[in-house]
Protein chains: 2
Amino acid sequence: MTTALPKPKKETRIQREKREVILEAALDVFAVHGLRGATLDKIAAAAGMSKPHVVYYFGSKDAIYTTLLESLLERWLSPLKDLSPDGDPMTEILTYIRRKLQMSRDMARESKLFATEILHGAPRTADTLSGDLKALVDEKAAVIAEWSAQGKLAPLNPHHLIFSIWAMTQHYADFDIQVRAILKPASEDDVFDEAEAFLTTLFSRSLRPEAAE
Amino acid sequence: MTTALPKPKKETRIQREKREVILEAALDVFAVHGLRGATLDKIAAAAGMSKPHVVYYFGSKDAIYTTLLESLLERWLSPLKDLSPDGDPMTEILTYIRRKLQMSRDMARESKLFATEILHGAPRTADTLSGDLKALVDEKAAVIAEWSAQGKLAPLNPHHLIFSIWAMTQHYADFDIQVRAILKPASEDDVFDEAEAFLTTLFSRSLRPEAAE
DNA sequence: TCATTTTTTGACCATTTGGATAGAAATGCA
DNA sequence: TGCATTTCTATCCAAATGGTCAAAAAATGA
């Protein structure tokens with residue numbers, strides 16, 4: 001993001017493209033090897049350019065990693081942001097689950113990137129977690145709690161409900177190796193179709209207002 | 001590693017103790033930094049001995065990691081192994097969930113170790129996953145399916161049920177940083193007590209026979 | 001066109017790190 | 001006690017790796 005103060009200096013087309021190629025290649029490498037396991041050589045090879053060239057565009061391996069994390073965060077959280085207090089409660093939550101599962105299917109590398117980061121202590125995401133992310137989750141948890149209070153959903157701890165949706169949907173991306181080793185599915189799609197049916201059943205049974213005891 | 005053929009050579013007490021100290025220290029380091037991020041120096045420092053000494057007992061960093069993985073696997077899977085076809089279905093499953101959650105509380109480092117391993121492609125666990133683990137899961141899934149067929153549980157894809165239990169319980173160990181950043185709990189225990197209540201409610205509602213639609 | 005800027009890389013460097021060597025200290029055993 | 005084995009570490013080495021440098025090649029603009 002150009003600070004625009006000394007030199008607005010529009011980013012050239014070639015710069016935008018090269019940075020994009022590097023980020024794409026780095027995502028591949030980081031998702032498989034993690035930050036420490038990824039090397040500039042591997043990233044450069046995956047991007048089809050020399051190592052100094054990669055450094056020329058980003059300055060350091062760490063900068064690539066940080067840039068990736070930041071640029072993905074927005075897209076990563078958008079399904080939760082879209083959960084609307086004005087919609088039908090059950091529909092809103094089931095839609096959120098489906099969209100999150102869809103992201104595990106389409107953005108498995110990104111999911112693994114975040115998972116590794118948090119697993120290793122989130123050294124460069126800690127602020128976001130207890131700042132923006134906490135605020136977002138608290139806001140949506142309040143929406144869900146309100147739905148429960150109005151009798152539109154069975155009562156269920158809303159924070160843990162959100163955690164459980166994260167855990168279960170991301171599981172299919174982060175631990176895909178294990179899931180596939182056990183299910184031995186004919187196609188990748190089978191897993192996600194089954195998962196969607198399972199999650200829909202699980203949560204609709206638990207959240208139907210009559211389900212309360 | 002003595003091949004044990006020419007000399008059975010009973011392991012001395014000091015050997016057993018030192019190896020134990022090293023494994024304990026290595027678990028600390030691997031859980032935080034992953035295989036690549038962990039260095040022999042860090043492990044040696046954590047174990048309170050010199051680097052060559054660590055190598056003397058295990059031969060290589062990789063050997064320590066592999067030994068850890070193997071020696072933990074048994075304990076890791078024991079709660080699922082104990083799920084008995086002869087017990088009360090709902091009790092068996094809720095007990096399994098509670099024991100698995102207990103393990104996330106007491107063995108967070110081990111959970112992170114496995115998570116990182118699988119996340120990065122399970123290069124040295126792939127055989128176990130599609131062999132012993134698959135067999136175990138298939139066996140227990142069959143038990144659950146049978147319970148459903150007998151009308152003792154609401155029908156629910158048993159494989160995905162097991163996945164969901166893994167995902168949700170391990171989430172509290174693997175992503176503890178994120179969970180704590182959002183909940184800001186007064187004590188660690190609060191999180192797990194809430195989680196146990198949540199999971200019990202979620203699964204008992206979904207599995208009660210009447211819950212089927 | 002030709003000077004200037006940007007893009008690209010081969011060669012190189014310093015640090016980190018896994019691990020080997022050799023020998024010192026401790027221990028066990030006759 | 002004295003020899004053999006085990007335990008332990010200081011030191012060193014080679015490979016891997018993040019990053020620099022100088023200079024070539026390509027693009028840009030007057």
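Below, read A as the first sequence line, B as the second, and so on, with proteins coming before strands; counting in each chain starts at 1. Keep in mind that the numbers below use all heavy atoms, side chains included, and drop hydrogens, waters and symmetry copies. Keep in mind it's a predicted model, so treat the numbers as computed, not measured.
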Kindly indicate whether the side chain of A:F114, heavy atoms from C-beta on, has any atom under 4.5 Å from the side chain of A:L73.
yes

When you compare the side chains of A:D176 and A:H171, does any donor N or O come within less than 3.5 Å of an acceptor on the partner?
no

Tell me: [atom1] of [X] to [atom2] of [N], nearest whole Å?
| X | N | atom1 | atom2 | result |
| --- | --- | --- | --- | --- |
| B:Y65 | C:dG19 | OH | C1' | 20 Å |
| A:R19 | C:dT7 | CZ | P | 11 Å |
| B:F30 | C:dG18 | CZ | C1' | 12 Å |

With the sugar-phosphate defined as primed atoms, P, OP1 and OP2, and the base as all remaining atoms, what B/S/- string results for nucleotides 7-17 of chain D, 5' to 3', for protein heavy atoms under 4.0 Å?
BSBBB-----S

Report the C-alpha distance between B:E194 and A:F163 in whole Å, list the side-chain angles of each, state the deciding distance to 0.1 Å, and finish with yes or no for side-chain contact (heavy atoms from CB on, under 4.5 Å).
CA-CA 12 Å; B:E194 284 176 19; A:F163 292 155; over 6 Å; no

Taking the cut-offs as 6.0 angstrom to the six-membered ring centre and 45 degrees off its axis, would you call B:R19 and B:F58 a cation-pi pair?
yes

Only one of B:R124, B:E70, B:E117 clears side-chain hydrogen bond (donor to acceptor under 3.5 Å, both in side chains) with B:Y65; which?
B:E117

